[in-house]
Amino acid sequence: MLTTFQNNILIWWGNNKRIFPWRETRDPYKILCSEILLQQTNAEKVVQVYNKIISDYPEPADLSEAETADLEEIIKPLGLLKRAGRLKKIAAEITQKYDGIIPADKKALIKLPGVGNYTANAVMCFAFEKQVGVLDTNTIRILARVFDIKSDKARPRNDKNLQNQLNKVIPKNKSKIFNYALLDFAALICTAENPNCGKCVISRICFSYSNKE
Ligand code: SF4
């Protein structure tokens, strides 16, 4: 069942992957910026803002010296303007404490201002290609529907058991592409409302689907 899940998701993704500029880079600074901008925001909307920030502030030191008002103006189309100050603070800490280099260490990442479990794991996975699942509302939904794996915690995103369960379904040495594949599958097929089960390549192994019929 697990092999079918992994293979079918990867084959589906080969034909359906979404293209974003932050997926075309391995630069941890750019990936960290993208993850802050993607928080609670539709990925398609983020592209223009991400490109502007990376072009105006190509290094953490540049971003650390940005005027908060200028950053807020750039981020305005996305809302959640507090991210302007957050980006600046992160960049300042990276510049001062880590000499401008994003640490390849989850414990260090999670101590940065506004960086939680999800963002730290996303950077570890997408920038440093570490073997870890990126646990968010999307992957939580897939675990629940496909495998009937649910959290009883108030904050499932921080549930260590759920994190371990997700890590187990990520194929070895394919962490980065498989996490991207899961995010795209959740955005395009296994959506929060009205999942497109008729076009789903894993419906025959899906717990939720087989219990609907
Ligand atoms: S069958 Fe439906 S609920 Fe199950 S994984 Fe596919 S889209 Fe999601």
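Indexing begins at 1, ligand by ligand and atom by atom, following the structure's order. Worth knowing before you read on, the calculation uses all heavy atoms, side chains too, and leaves out hydrogens, waters and symmetry mates.
- Summary of contacts: the protein heavy atom closest to atom 4 (Fe) of ligand 1 is Cys206 SG, 2.3 Å.
- The pair Asp159-Arg157 does not meet the salt-bridge criterion, since no charged nitrogen lies less than 4.0 angstrom from a carboxylate oxygen.
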Verdict with reasoning, Arg26 to Glu129, per salt bridge (Lys or Arg N to Asp or Glu O under 4.0 Å): CA-CA 9 Å; Arg26 296 179 69 179; Glu129 305 205 21; 3.4 Å; yes
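- Between atom OG1 of residue Thr3 and atom CD1 of residue Ile205 there is a gap of 9.5 Å, rounded to the nearest 0.5 Å.
- How far CG of Asn51 is from NZ of Lys30: 10.0 Å, rounded to the nearest 0.5 Å.
- Closest to atom 2 (Fe) of ligand 1 by heavy atom, among Cys197, Ser210, Cys200, is Cys197.
- Closest to atom 8 (Fe) of ligand 1 among all protein heavy atoms lies Cys190 SG, 2.5 Å.
- Within the 4.0 Å heavy-atom criterion, the part of Val146 lying near ligand 1 is the side chain and not the backbone.
- Within the 4.0 Å heavy-atom criterion, both parts of Ser203, backbone and side chain, lie near ligand 1.
- Nearest heavy-atom pair across Thr119 and Gln39 is OG1-NE2, 3.3 Å.
- The protein heavy atom nearest to atom 3 (S) of ligand 1 is Arg145 CD, 3.6 Å.
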